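Heads up: the structure comes next, in structure tokens.
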There are 2 protein chains.
Amino acid sequence: MNVTGHTRRPASIRDVATAAGVSYQTVSRVINGHPSVRPSTRERVLAAIEELGFRRNATALALASGRSRAVTVLTANTTHYGYASILQGIEEAARAASYAVGIGVLESAEDAAVTAEVQRAADAGGGIVVIAYDPAGVRALGAVPAGLPVVGVVETPASPPGGDRPWVWTDDREAAYQATSHLLSLGHETVHYVAIPSSTRRTSARTSGWRQALQEAGAPEPRPVQSSWGPAGGHAAGLKLARDESVTAILCGNDDLALGVLRALHESGRSVPGEVSVAGFDDAPHSAFLTPSLTTVRLDFTGLGRSAFALLHGVLEESAPVAPHPVSVPELVVRESSGPPPAGH
Amino acid sequence: MNVTGHTRRPASIRDVATAAGVSYQTVSRVINGHPSVRPSTRERVLAAIEELGFRRNATALALASGRSRAVTVLTANTTHYGYASILQGIEEAARAASYAVGIGVLESAEDAAVTAEVQRAADAGGGIVVIAYDPAGVRALGAVPAGLPVVGVVETPASPPGGDRPWVWTDDREAAYQATSHLLSLGHETVHYVAIPSSTRRTSARTSGWRQALQEAGAPEPRPVQSSWGPAGGHAAGLKLARDESVTAILCGNDDLALGVLRALHESGRSVPGEVSVAGFDDAPHSAFLTPSLTTVRLDFTGLGRSAFALLHGVLEESAPVAPHPVSVPELVVRESSGPPPAGH
DNA sequence: GCGCCTTGTGTGACCGGTCACATTCATGCG
DNA sequence: CGCATGAATGTGACCGGTCACACAAGGCGC
């Protein structure tokens, strides 16, 4: 134990070496578990390490060895429930592997800002995880220079990506399909959709899952209402839909939108689920406690984050236990906000 | 522009030096803006930098200079709205100052786990910000070795801390006071309080603000209901309070708790605000869209995060523009969930 | 014409590790 | 007994920057 009150410079391997009466290289061997060190020597070194409170300097390690045991997560927002959960999952897995986690927020989707942020992440060394559900994220994923270890957390890709693309996703197309089918099975003639901003393609995975369910059921296919990410967007969309008497079921791109829609329906005097059924997406923690509680599809964001890290970890270290396709399965959660359509529909 | 397709090793200052026909030290002078470099030389070096796409290696910089231009944020959770907003604020300010942001999650409040996480943060070099609203955070703040640059984001301290304590806080005592006074001014005989887990002291700042308002009004002081952080805890507490007919006003430690309380009151058949008024804390984004929309106190978490970084920045670089006491002012937001008590009370 | 200060530039050591190679000594085997 | 082999350890260079100092050239005062 170092009992001197001073905040002295931390001990280096050379300090340990002199204390143990060996060369610095032997110390290096001990801390790296190299086999050919005589047990008695190892013991002496370990004692010196303990006594001096030695801790290996991460910066020096990174500089000398090239590997930095760090991940930088690039995201458009830390506040959004889904994003925050993914981040939490990444951090959890990274911590278990003793990796450091960095974070960069893509404040604007503007090209210059995004590439600047990607550069910073690249400079930090280590791997990169990009949360690419929105335009900023997609742009960032595209801006990562080739050759850098990167994993994207993306929407369900249109076509199964070629084998070893370093992407993870939840099956949100399937999720949208399930939610839509659920509403249809209750007897609704069709289901309207309030969409989150699509990442890049005209139709997002969620949109196409919804569409597929409608088509299979032979239901009419209303135009999706483009909205934003937050409850305010859902509110605006909801007011519009509320004016249309024929609307009896609404699927929302996420739970925040659904919240806004519920509010708009309430303000418009349309009861849920009596006159209109509403379903959300994500199963945010508050959704179960709304009045009416929200029917939604639960996605395992934390698990998604863990998978993303696992994939990156495999890329960074050849010990690659890269699970082939870490797709987690969405789960429909039926609550109060969905029910049969009113009689006469 | 480097047009070779290869992902070659990035250029170092020595590469730039040879390309420009100067010594590496001159390159270092140029990138650091040292004055005594002949303009013509500077120009040549800058051209070489541009041509080779040189970017200064952050790791080497950190190792050589000791300063690492990085902050690690320690938090118990990334998902919670308040915490996530603080993080976002820190990141924003850090990015503006070209600092890197790291994150560590304190998964358990257990001593060993917390100190391990603090160690990791310390090893990363740079500064540390600890979000210390909960037991895990408080413990982490305490576990940071003396001499390390650290800033705590804390509850309103019981006594004004001695001058230059590196802490930031929002005035949540004042906020609780405001919310409670608001409810009393509507005519409620008293206000019940559903508390978030206190960080460490018996009574949190929020609790004491609430208590102060009651005392000043000469209102009876019911025992606060201890709860958790999430809506589930609020729900449980709400069910309990709903059974007591005399309860007409409830203040909740945060908006998530309030959500649970609203739900519990609904399930118990007590109308809001007709029979019971409810107020929350934080003004989370969804609170405005609940039915009824939630009366709450808005706290500027993002600004709090920015202040935390500014303070840390001041500690790390002697250029210290350390704003004396970055306390932001809470703002009461009155919405539908609060109103006068029912007649007869 | 000499010394002195200032400006511009280069050299060597260092931060704290790792890596490639050299060296020493004990063993096994023909 | 001589030599190849392998275990245990040490030496020097290197990663990519910074820092302290040395040194050359030019301007100025006297």
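In what follows, every heavy atom counts, from backbone to side chain, and hydrogens, waters and symmetry copies are set aside. Order of the sequence lines sets the chain letters (A, B, ...), proteins ahead of strands, with each chain counted from 1. This one's a predicted model, so the numbers in the text were calculated from it and none came from an experiment.
- If you take OH on B:Tyr99 and CG on B:Leu312, they are separated by 7.5 Å, rounding to the nearest 0.5 Å.
- With rounding to whole Å, A:Asp15 atom CG is found 14 Å from C:dC14 atom P.
- Distance check: B:Arg120 CZ to B:Ile128 CD1 gives 12.0 Å after rounding to the nearest 0.5 Å.
- Residue A:His34 contributes atom NE2, which lies 13 Å from atom C1' of C:dC21 at whole-angstrom precision.
- Considering only the side chain of A:Arg14, C:dG16 comes nearest among C:dT9, D:dG16, C:dG16.
- Note on B:Ser28: a side-chain N or O is less than 4.0 Å away from OP1 or OP2 of D:dT18.
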Q) Could you walk me through whether B:His34 and B:Arg42 pass the side-chain contact (heavy atoms from CB on, under 4.5 Å) check? A) CA-CA 10 Å; B:His34 189 100; B:Arg42 179 190 314 279; over 6 Å; no
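- Picking from D:dT9, D:dG17, C:dT18 the nucleotide with the shortest atom distance to the side chain of B:Arg56 gives D:dG17.
- Rounding to whole angstrom units, CD1 of residue A:Ile31 and C1' of C:dG16 are separated by 10 Å.
- One can place CD of A:Gln25 at 13 Å from P of D:dG12, the figure rounded to the nearest angstrom.
- Here D:dA8 is the nucleotide among C:dG17, D:dA8, D:dT18 with the atom lying nearest to any side-chain atom of A:Ser36.
- B:Leu87 contributes atom CG, which lies 10.0 Å from atom OG1 of B:Thr302 (distance to the nearest 0.5 angstrom).
- The CG atom of A:Asp123 sits 14 Å away from the C1' atom of D:dG17 (whole-angstrom rounding).
- Contact annotation for A:Arg67: backbone-only contact, meaning every heavy-atom pair under 4.0 Å involves sugar-phosphate atoms and none involves a base.
- With distances taken from any side-chain atom of B:Val37 to the nucleotides D:dG17, C:dT9, D:dT11, the minimum falls on C:dT9.
- Remark: C1' of D:dC15 and CG of A:Leu63 are 4 Å apart, rounded to the nearest angstrom.
- Proximity of the aromatic rings of A:Tyr133 and A:Trp229 is defined here by a centroid distance below 6.0 angstrom, and this criterion is not met.
- Distances shown here put every side-chain N or O of B:Ser12 at or beyond 4.0 Å from the OP1 or OP2 atom of D:dG16.
- The nearest whole Å value for the distance from the CD1 atom in A:Ile49 to the P atom in C:dG16 is 16 Å.
- Between A:Thr26 and the phosphate of D:dG10, there is a side-chain N or O to OP1/OP2 separation shorter than 4.0 Å.
- In this structure, the nucleotide among C:dT18, C:dA13, C:dG10 sitting nearest to the side chain of A:Asn32 is C:dT18.
- Here A:Thr75 contributes atom OG1 and A:Leu106 contributes atom CG; the two are 7.0 Å apart, rounded to the nearest 0.5 Å.
- Proximity of B:Arg9 to the phosphate of D:dC15: no side-chain N or O atom is located under 4.0 Å from OP1 or OP2.
- In terms of phosphate contacts, A:Ser65 brings no side-chain nitrogen or oxygen within less than 4.0 Å of OP1 or OP2 of C:dT18.
- Residue contacts shown for A:Leu61 are limited to sugar-phosphate atoms, with no base heavy atom under 4.0 Å away.
- Closest to the side chain of B:Thr41, out of D:dC19, C:dT9, D:dA8, is C:dT9.
- Residue-to-nucleotide proximity on DNA chain C shows that, of B:Ala60 and B:Tyr24, the 5′-proximal contact is made by B:Tyr24.
- Rounding to whole angstrom units, CZ of residue B:Arg69 and P of D:dG17 are separated by 16 Å.
- Among C:dG16, C:dC21, D:dC21, the nucleotide with an atom closest to any side-chain atom of A:Arg29 is C:dC21.
- At the phosphate of C:dT24, neither OP1 nor OP2 sits under 4.0 Å from any side-chain N or O atom of A:Arg38.
- Within 4.0 Å of A:Arg55, counting heavy atoms only, lie sugar-phosphate atoms of the nucleic acid but no base atom.
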